[in-house]
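Working notes, structure below.
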There are 2 protein chains.
Amino acid sequence: MDRDQTDKDDEASAHERPTLKTLAFMTGLGVTTVSRALKDAPEIGAETRRRVQLVARQIGYRPNRAGVRLRTGKTNVISLVLNTEREIMSFVSDIIYGVSEVIADTPYHLIVTPYSRSQDPLDPIRYLVETGSADGVIISRTQPNDPRARYMLERGIPFATHGRTDMGLIHPYHDFDNYAFAAEAVRHLAGIGRRRLALLTPPVGLTYHGHTVNGFADALSEVGASEVPFNTVSIDHSIEQIRMRTAQLMRRDDRPDGFVSSAAAATLAVVAGIEDAGLKLGRDVDVVSKQSSDLLHLFRRELLVVNENFRLAGSELARSVLGLIGGAAPGSLQSMSLPGEVVAYRG
Amino acid sequence: MDRDQTDKDDEASAHERPTLKTLAFMTGLGVTTVSRALKDAPEIGAETRRRVQLVARQIGYRPNRAGVRLRTGKTNVISLVLNTEREIMSFVSDIIYGVSEVIADTPYHLIVTPYSRSQDPLDPIRYLVETGSADGVIISRTQPNDPRARYMLERGIPFATHGRTDMGLIHPYHDFDNYAFAAEAVRHLAGIGRRRLALLTPPVGLTYHGHTVNGFADALSEVGASEVPFNTVSIDHSIEQIRMRTAQLMRRDDRPDGFVSSAAAATLAVVAGIEDAGLKLGRDVDVVSKQSSDLLHLFRRELLVVNENFRLAGSELARSVLGLIGGAAPGSLQSMSLPGEVVAYRG
DNA sequence: GTGACAATCTGTAACGTTTCAGTGTATTGA
DNA sequence: TCAATACACTGAAACGTTACAGATTGTCAC
């Protein structure tokens, strides 16, 4: 009996958190055996394995994350990197929920790593990589030539991007088909007789800005409608600015009779601007907008909406990173989400 | 020269992450000395201290979190516990940003711990406590008699609640003065001639439901207005349900001529319901609503709003938890945020 | 010159885990 | 009978950190 040998301090103690040592003592085995039994290693006898796992379950053993992390370097952490000021609000919580859903029955934790406007977006990524704080990273506001993606690709850090890049490099992503969205929006507007369309774009510099612009332009020429330039603002601008610019635009003679807007909050401003100019939605002008929660049709029943599901995006992104960590091929972890139909008010 | 003694594997290696051992080698000191020098221990010579800190800064030393955590039990993690389905969306991201701001220049990380409707809200807390996953916890959806608060208080886990409890126990919190909000809203409505008011309440069971109801009731009798009961829904209900119930209510003869709404999203539904019943905002009925982002006035210019700053709440909560961890008295870490004035459309 | 005492510095052990290199025992083949 | 081999298990070491209990100086009083 090597009991008296082993228990120099542990065991008896009231109710500490159980460790491998505790399990080893209870089962009469060595810590090594217990460790391997718990992870179904082949060199452990079937009965022993079952026995250890039973006891572990009974006493609610949970591996100490710090121990594992120190020994193996595995953090069991997925980091979601967010821009503190720019990210559209509802977007964030939906993504978080989506990620959470997927992560829920894995050993992974979600940590939110913020960065602010003043910082280089690469900063938080560098921090994560240098300190080895995460096994996987999710980034958004993806650019065609994204230094963050390049950086992580170089160091072999698993990551997924919300939005595609365009660097000829393969990595996991999830993206909404903004080309299709813009094109569909234009077709719909043309279908209800609108000929002079304006586009409120995503932030210049982000990949989906290009997609949106292209979809818009291609569909314009397809349906033979024309563009009214509206480049002075993007959805990143403040509500006030968008509103003001829209009002300015709508007071001109060559004003558009249709709008395509890439974000719900911005659409509120566009509509306000339209009304500031004394025009009426649905009569003088129609607006197709993306939205992520089902609220725009309450705002103005005349609004035309296309839904983008950010919760889904979060889930897909989480799945991708986990897949990549699990050794799947990056190319197999890319997904697109297609826009639904343009929907008019169904009330 | 004990160099040749020490470097059995380390040092030479291309560019591993520096550890205390690396620093010890570079400075010619022992790891213990380096460790203490970095934390300004008094028994280290002033010059040595400076020297070590200089070198550490130069090579970008950062303590290994797993090492610290394993040795000391300190996780340097603050956990924000969120209900995956119920939490109002914009709320979440604002809180997260608020917390992030405060946490940014501390060694703390923010982890988001979700739980879903099906679960006992205590589950995630138990998990955090049992696995020792966080040094501090922030919870929301606080109840008057909150089992989570009680649980953490019992085990001495530092936490702060968004919203107060009412158990006679002292703990850090941040709360918006919903009593004052409801009372002010009522006074304002009375001031513009509204006499029959309805209240769309916070979720029953949460502490601020009571606060809101009380503020509403007290102000009603103060101004001599009367209440039109509207208890069938709360802001937790779906947009559709709130809308339907509002419409029902507004079609009755004894309909209210004023509404107080505790959340912006719900207000959209209330307004939709009002209009479904063929009534007009500002003429037949006025609505005072809380909002957390400045969007409601775009929705309907007739809306009356009171702003609640969730980013501030996040910051305050983070400050509180950090303060508590730092040893401050819980009673000194309680804060209230007062509602601003009821603002009409300033367009 | 000795003992006491600061002032600095140091090695060892421990936190919980996994990996490496075994150890012992039974089974097999010859 | 002996070696070879498979099987089931084990101790020691290591990950990076900090706490504990010294160790090595030099200074000072006597």
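In what follows, chains are A, B, ... by sequence order, proteins preceding strands, each numbered from 1.
The two residues Arg65(B) and Thr75(B) have their closest heavy-atom pair at NH1-O, 3.6 Å.
Taking atom CD on Glu43(B) and atom P on dT10(C), their separation rounds to 13 Å, with Å as the unit. Put simply, CG on Asn64(A) is 13 Å from C1' on dA14(C), counting in whole angstrom units. At whole-Å resolution of the value, NZ in Lys39(B) and C1' in dC9(C) are 16 Å apart. Per the geometry, CG belonging to Leu23(A) stands 13 Å off C1' belonging to dT17(C), to the nearest Å. Rounded to whole Å, the distance from CG on Asn76(A) to P on dT17(C) is 13 Å. Nucleotide dT17(C) holds its C1' atom 14 Å from the CZ atom of Arg69(A), rounded to whole Å. When rounded to the nearest whole Å, the span between CZ of Arg65(A) and P of dT17(D) equals 20 Å. When rounded to the nearest whole Å, the span between CZ of Arg49(B) and P of dT8(C) equals 9 Å.
Two residues, Ala46(B) and Gly67(A), neighbour DNA chain C, and the one matched to the more 5' nucleotide by heavy-atom proximity is Ala46(B). Annotation: of the two residues near DNA chain C, Thr72(B) and Pro42(B), the 5′-most nearest-nucleotide partner is Pro42(B).
Taking the side chain of Arg36(B) as heavy atoms from C-beta on, and the options dG16(D), dC20(D), dT17(D), the nearest nucleotide is dC20(D). The Thr33(B) side chain lies nearest to dT10(C) when the options are dT18(D), dT10(C), dT17(C). Comparing dT18(D), dT17(C), dC15(D) by their closest approach to the side chain of Leu20(A) singles out dT17(C). Checking dT18(D), dG16(C), dT17(C) against every side-chain atom of Arg71(B), the shortest atom distance belongs to dT18(D). Looking at the side chain of Leu29(A), the nearest of the listed nucleotides dT17(C), dC9(D), dT10(C) is dC9(D).
Phosphate contact (OP1/OP2 of dG16(C), side-chain N/O of Lys21(A), threshold under 4.0 Å): absent. In this model, the phosphate group of dT10(C) is not approached by any side-chain N or O of Thr32(B) to a distance below 4.0 Å at OP1 or OP2. Checking the phosphate oxygens (OP1, OP2) of dC9(D), a side-chain nitrogen or oxygen of Thr48(A) falls inside 4.0 Å.
Crowding of Ile170(A) atom CD1: a count of heavy atoms from other residues, nucleotides or ligands under 6.0 Å not exceeding 12. Within 6.0 Å of atom CD in Glu47(A), 12 or fewer heavy atoms from other residues, nucleotides or ligands are found, so the atom counts as exposed in its surroundings.
As judged by a 4.0 angstrom heavy-atom cut-off over every strand, Ile44(A) is placed among residues touching the sugar-phosphate backbone only. Among the atoms of the strands shown, only primed sugar atoms or phosphate atoms (P, OP1, OP2) are found under 4.0 Å from some heavy atom of Gly30(B).
For Ser332(A), there are no side chain to side chain donor-acceptor pair (under 3.5 Å) partners at least two apart in sequence or on another chain.
Under 3.5 Å, the side chains of Thr165(A) and His171(A) contain a donor-acceptor pair of N or O atoms.
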